[in-house]
Amino acid sequence: MMNPPLIETQSLCKTFRDFWRRPVVEAVKDLGLCVERGEVFGLLGPNGSGKSTTLKMLLGLLHPSSGNVRVFGKAPQDVMVKARIGYLPEVSHLHAFLTPRETLMYYAALFGMPRQGAVRRTGELLEMVGLTHAADRAVGRFSKGMARRVGLAQALVNAPDLLILDEPTSGLDPIGCREVKDLIHLLSQAGVTVLMTSHLLADVEDVCARVAIMDKGVLRAHGPIRDLLRTPDVIRFSVQGLSEGDAASVRAIIEKHAGHPVQQDYPEMSLEAYFLNVVNRDAPQKAFEVAPFLKP
């Protein structure tokens, strides 16, 4: 018997109304969506497409106007469901007078974690997000990127089975973005389900196996990202070690079989990869260890 999806919505709708109960905005319309256990799923769309409203319904912060939503097979308002979710909002509203260490200890206490375990996990998370050097400085003095790192650590305090990330790389430099994406990969390999939104589509391509695209509250497209992006009727060969003369001979053979001219180009690395190669050329490689952040 197949395991049910970790997240499932059926005919999900959300209509916001004014004081007199008149419909003002139909934010989500007839949304049918499923997220499988252990996958990294991207929820995409322009501003006002209904992404944030959908996330809030999955978190139990908003009630649907109609339709059904299930998380771990239960209603998202269930306290036991909430205990298994980690959430990084688009804007992290942190207590400005607390330090990162105090912030993480505070959230660990909200989850009922024993103090000894909370101290250990706090140290591990601060090391993971690269904030050990600033662990005892007030968060209110942090840059946006550093505050984002605190928010990410907070989302992992409870070793969640489902991690919901709203614009996880917002405010981070390219090195921080790469570290977050590497962490998402490792969490997924360890069995954590990740649902993320981002306007940085290159980041989504790097980490997501499947995506859904919303616009004006309607699901416009969804499926495996490689299937959605594949160009029909086009095949590309990558061959290493050919001279220009050999390449011309091979191209002539292919053109003869295809019956039309064949485009020849040269593979390129992404700007992100080139940037990281330059700045990390002499830096020691950082290895993430996700085991401390998973439930025993």
Side-chain angles (χ1 to χ4, degrees), residues 2-10 12 14 28 31-44 50-64 67-90 92 104 107-108 110-113 121 124-125 128-129 148 151-170 180-198 203-204 206-212 214 219 222 224-225 288 290-296:
M2 294 182 62
N3 291 327
L6 190 144
I7 296 174
E8 186 175 18
T9 71
Q10 296 176 338
L12 187 64
K14 180 61 181 180
V28 177
L31 178 62
L33 199 63
C34 70
V35 178
E36 303 296 337
R37 296 172 186 269
E39 75 171 329
V40 182
F41 190 95
L43 185 61
L44 311 177
K51 303 188 306 296
S52 295
T53 300
T54 299
L55 291 186
K56 289 175 182 177
M57 287 190 284
L58 295 177
L59 291 165
L61 302 176
L62 286 177
H63 291 275
N68 296 308
V69 54
R70 311 301 277 179
V71 181
F72 298 108
K74 300 179 180 179
Q77 291 81 13
D78 190 302
V79 174
M80 298 305 295
V81 169
K82 293 179 181 293
R84 299 174 65 184
I85 297 176
Y87 175 50
L88 175 66
E90 183 175 2
S92 299
L104 297 182
Y107 282 103
L110 291 180
F111 280 105
M113 191 178 298
R121 187 176 296 276
E124 294 165 346
L125 289 168
M128 183 206 72
V129 298
R148 200 68 179 153
L152 180 61
Q154 167 267 313
L156 290 168
V157 162
N158 61 322
D161 298 307
L162 169 62
L163 184 61
I164 297 179
L165 304 174
D166 196 354
E167 301 289 344
T169 56
S170 174
V180 168
K181 289 187 286 186
D182 288 343
L183 176 64
I184 290 173
H185 276 301
L186 290 173
L187 289 169
S188 177
Q189 292 170 9
V192 178
T193 304
V194 181
L195 172 62
M196 63 177 284
T197 72
S198 180
D203 289 350
V204 176
D206 280 348
V207 298
C208 293
R210 293 196 304 131
V211 298
M214 298 180 66
L219 182 64
H222 69 284
I225 192 166
F288 285 117
V290 300
F293 315 120
L294 304 178
K295 289 185 172 64

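This structure is a prediction, so every number in the text was calculated from the model and none was measured.
A 6.0 Å sphere centred on NZ of K56 holds no more than 12 heavy atoms belonging to other residues, nucleotides or ligands. Heavy atoms of other residues, nucleotides or ligands lying less than 6.0 angstrom from NE2 of H222 number 12 at most.
In this structure S188 satisfies the side chain to side chain donor-acceptor pair (under 3.5 Å) test with no other residue, sequence neighbours excluded. With sequence neighbours excluded, the residues satisfying side chain to side chain donor-acceptor pair (under 3.5 Å) with S92 are R148. Partners of D206 by salt bridge (charged side-chain N to carboxylate O under 4.0 Å, His left out), not counting sequence neighbours, listed by chain and number: R178, K181. Not a single side chain to side chain donor-acceptor pair (under 3.5 Å) links T53 to another residue, sequence neighbours left out. Residues passing the salt bridge (charged side-chain N to carboxylate O under 4.0 Å, His left out) test with R70: none are found, sequence neighbours excluded.
Heavy atoms only, all atoms of each residue included: R84 and M80 are closest at CG-O, 3.5 Å. Nearest heavy atoms, P160 versus G86: CB-N, 3.2 Å.
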Practice problem: Check the pair F72, I7 against side-chain contact (heavy atoms from CB on, under 4.5 Å), reporting the backbone distance first and the verdict last. | Solution: CA-CA 7 Å; F72 298 108; I7 296 174; over 6 Å; no

Practice problem: With side-chain contact (heavy atoms from CB on, under 4.5 Å) as the test, would you mind laying out the steps for V211 and L43 before giving the verdict? | Solution: CA-CA 6 Å; V211 298; L43 185 61; over 6 Å; no

Practice problem: Starting from the C-alpha separation in whole Å, work towards a yes-or-no answer on side-chain contact (heavy atoms from CB on, under 4.5 Å) for L183 and L152. | Solution: CA-CA 11 Å; L183 176 64; L152 180 61; 4.2 Å; yes

Quiz item: Is there a side-chain contact (heavy atoms from CB on, under 4.5 Å) between M196 and I184 once you walk through the steps?
Solution: CA-CA 10 Å; M196 63 177 284; I184 290 173; 4.3 Å; yes

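Looking at heavy atoms from C-beta onward, L156 lies out of side-chain contact with R121 at the 4.5 angstrom threshold. Looking at heavy atoms from C-beta onward, P76 lies out of side-chain contact with L59 at the 4.5 angstrom threshold. In this structure the side chain of K14 reaches within 4.5 angstrom of the side chain of M57, judged on heavy atoms. When side chains are defined from C-beta on, L110 counts as touching Y107, because their heavy atoms get closer than 4.5 Å. At a threshold of 4.5 Å between non-hydrogen side-chain atoms, the residues V157 and L125 count as touching.
Side-chain atoms of T9 come within 3.5 Å of backbone N or O of L33 as a donor-acceptor pair. For the pair K82 (side chain) and Q77 (backbone), a donor-acceptor distance under 3.5 Å is absent.
Residues S198 and D203 bring no donor and acceptor atom of their side chains to less than 3.5 Å of each other.
Within the model, atoms CZ of F41 and CG of L6 stand 12.0 Å from one another, a figure rounded to the nearest 0.5 Å.
Partner of V204 under the side chain to side chain contact (heavy atoms under 4.5 Å, CB included) criterion, out of T197, V40, L44: L44 alone. The side chain to side chain contact (heavy atoms under 4.5 Å, CB included) with L195 is formed by just one residue from the set L55, L163, I85, T54; it is L55.
Every pair passing salt bridge (charged side-chain N to carboxylate O under 4.0 Å, His left out) that includes a residue from residues 31-41 is listed here, sequence neighbours excluded: E39-R210.
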